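Start at 1 and go down the list; that is how both ligands and their atoms are numbered. Computed over heavy atoms, backbone and side chain alike; hydrogens, waters and symmetry mates excluded. Quick note: residue numbers are just sequence positions, from 1. Fair warning: this is a prediction, and the values are worked out from it, not measured in the lab.
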Amino acid sequence: MAHIGVATRLVNERQCGQETANADLECSSSRYYVLIREAESYAKKHRIARTYGTNRYESLLKDSEVDAVYIALPNGLHHSWALRALNHGKHVLVEKPMANTAEECRELISLAESKGLVLLEAIHYTCCLHPSRFHPALQRFKEIVAGGELGAIKRVKAGFAVPSVISGLFFLKDDVRFDFSLGGGVMMDMGEATAVGHPADSPNIDKSMNAHLVLPSSVSGDLYVDFSMPGWGPFGMIPRALKTAVVVELEEGTVELTNFPLPHIFNTITIRPKIGKKRTESVYRFKDGRGEEWWTT
Ligand SMILES: NC(=O)C1=CN([C@@H]2O[C@H](COP(=O)(O)OP(=O)(O)OC[C@H]3O[C@@H](n4cnc5c(N)ncnc54)[C@H](OP(=O)(O)O)[C@@H]3O)[C@@H](O)[C@H]2O)C=CC1
Ligand SMILES: O=C1OC[C@@H](O)[C@H](O)[C@H]1O
């Protein structure tokens, strides 16, 4: 497994290292001279066997010892590097969103299929399709919702929003998320999981999004994502709490999962039936014992 881009800041590098620790070979590739040092110290820390220097993404892809690549580049570069990696016969784990447009995603999917390669988007919190993969808390959440104890689903509400008072700690002024040419914007970033002046006021970048989804079924959906959620009260001076929860409203009650983006740090699943007692669970491992506390994706 080779990393393209060391993605040191918001992708949890400790986990990237641990999750690929059992791979036969790990290689890391970095663009700029100054970042080569970062890539090398990252490699040393995580016992990565080989690093490629300046402009070496291409040579990494030509390395016949590399079977699979993890693409942790800014959004706008996912499609082109995933395409190249697949064309070099590599399996691809690509950060979310897989690409900038649905058309680009279709192109990657059909190429992977035609070559018999794995193409997987690194998004643990929406991948509930496979019964045994991804984070156990998400699987348990799905099991409760689909299990029928609270009847049919009526509405789903998801929020992922960082309060303005701490936004600058999460997102630096020159963050790739504020660069339109790199596929920036909150919908592409946090909206994929689920507007007010930020220090980085970049052109063409959406910083907050409220979406109401009307689905073919009778279920409706509401999403709220925000890089810099304003406070409330006089002059918006009272900060709001970080939002990272999804609530499913069913006929007979609600089920809420808190901290879906980072469920390994903590998670709670709260079941509130209309009749009867509320109960709460936290899930870090699969029922069969698999899983580690640090497991994210
Ligand atoms: N699944 C998850 O939970 C999360 C996923 N992400 C996703 O990971 C991806 C990377 O995000 P994040 O780690 O925060 O980004 P960073 O800016 O921290 O890292 C991006 C990496 O891309 C490389 N890069 C290559 N070309 C460019 C360029 N033109 N401009 C800037 N960087 C470049 C850089 O490595 P170098 O220069 O060394 O090649 C850099 O290390 C995004 O797609 C994001 O959506 C982020 C956080 C969590
Ligand atoms: O988990 C996350 O938290 C912050 C976001 O900017 C990031 O891309 C996302 O995946």
Side-chain angles (χ1 to χ4, degrees), residues 2-16 19 27-43 48 51-60 69-82 84 92-100 120-127 134-135 138 158-163 166-194 198 200 205-209 225-229 242-244 259-265 294-297:
H3 293 201
I4 294 193
V6 290
T8 48
R9 232 174 48 78
L10 283 176
V11 170
N12 188 326
E13 53 136 328
R14 185 174 72 91
Q15 279 140 11
C16 289
E19 284 175 9
C27 316
S28 162
S29 167
S30 181
R31 281 171 318 145
Y32 301 124
Y33 176 71
V34 282
L35 288 174
I36 292 172
R37 281 180 299 153
E38 255 182 52
E40 281 176 351
S41 64
Y42 174 85
I48 288 172
T51 59
Y52 300 80
T54 317
N55 288 320
R56 290 295 190 265
Y57 292 1
E58 211 40 81
S59 47
L60 183 155
V69 292
Y70 165 51
I71 300 179
L73 299 173
N75 300 344
L77 301 175
H78 292 176
H79 170 257
S80 59
W81 284 104
R84 273 178 256 200
V92 172
L93 172 65
V94 58
E95 265 306 342
K96 49 85 197 161
M98 180 185 289
N100 278 348
L120 180 65
E121 191 181 41
I123 180 160
H124 53 277
Y125 32 95
T126 58
C127 287
F134 308 110
H135 200 277
L138 277 293
F160 191 6
V162 178
I166 55 167
S167 178
L169 300 175
F170 280 83
F171 309 114
L172 305 179
K173 208 173 167 62
D174 60 353
D175 197 294
V176 292
R177 287 162 183 74
F178 305 129
D179 188 334
F180 182 72
S181 68
L182 292 174
V186 77
M187 189 191 80
M188 292 293 281
D189 185 44
M190 290 143 88
E192 216 237 355
T194 61
H198 179 270
I205 289 299
D206 54 318
K207 300 191 181 68
S208 172
M209 180 183 78
V225 283
D226 206 321
F227 278 142
S228 182
M229 180 172 43
L242 187 72
K243 273 190 202 294
T244 53
N259 205 24
F260 64 84
L262 299 170
H264 59 293
I265 294 178
W294 48 263
W295 236 19
T296 56
T297 301

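- Annotation: side-chain contact (heavy atoms from CB on, under 4.5 Å) contacts of N100 (sequence neighbours excluded): N75, E104, M188.
- Atom numbering of ligand 2 starts at 1 in the shown order; those under 4.0 Å from a heavy atom of F171 are 6 (O).
- Here the side chain of H78 pairs no donor or acceptor atom with the backbone of I71 at under 3.5 angstrom.
- The residue from H78, E95, K96 that puts a heavy atom closest to atom 45 (O) of ligand 1 is K96.
- Here the straight-line distance linking atom NE2 of H135 with atom CZ of F260 works out to 13.5 Å at 0.5 Å rounding.
- With sequence neighbours excluded, no residue forms a side chain to side chain donor-acceptor pair (under 3.5 Å) with N259.
- When heavy-atom distances to ligand 2 are checked against a 4.0 Å cut-off, F170 has no atom that comes that close, whether in backbone or side chain.
- When non-hydrogen atoms are compared, ligand 1 lies under 4.0 Å from neither the backbone nor the side chain of P261.
- For ligand 1 and A72, the ligand atoms under 4.0 Å from any heavy atom of the residue are 10 (C), 20 (C), 21 (C), 22 (O).
- Proximity to D189 (heavy-atom distance under 4.0 Å) selects the following atoms of ligand 1: 45 (O).
- At a threshold of 4.5 Å between non-hydrogen side-chain atoms, the residues L242 and V162 count as touching.
- Note: no N/O pair closer than 3.5 Å links V176 and ligand 1 by distance alone.
- Any N or O atom pair closer than 3.5 Å counts here, and A122 shares at least one such pair with ligand 1.
- The Y57 neighbourhood of ligand 1 comprises atoms 23 (C), 24 (N), 25 (C), 36 (P), 39 (O), with distances under 4.0 Å to a heavy atom of that residue.
- Here the CD1-CG distance, from I205 to D179, works out to 7.0 Å after rounding to the nearest 0.5 Å.
- Ligand 2 has F160 within reach: a non-hydrogen atom of the residue lies less than 4.0 Å from it.
- To the nearest 0.5 Å, the span separating CZ on F171 from CE on M190 amounts to 4.5 Å.
- Note that the CG atom of D189 and the CZ atom of F160 stand 7.5 Å from one another [nearest 0.5 Å].
- Listed by atom number, the atoms of ligand 1 under 4.0 Å from N75 heavy atoms are 42 (C), 43 (O), 44 (C), 45 (O).
- Near L77, meaning under 4.0 Å from any of its heavy atoms, are these atoms of ligand 1: 25 (C), 26 (N), 27 (C).
- Not a single donor-acceptor pair under 3.5 Å links the side chain of D206 to the backbone N or O of S208.
- Every atom of ligand 1 with a heavy atom of L182 under 4.0 Å away is listed here by number and element: 29 (N), 30 (N).
- Under a 4.0 Å criterion applied to the non-hydrogen atoms of D189, ligand 2 contributes the atoms 5 (C), 6 (O), 7 (C), 8 (O).
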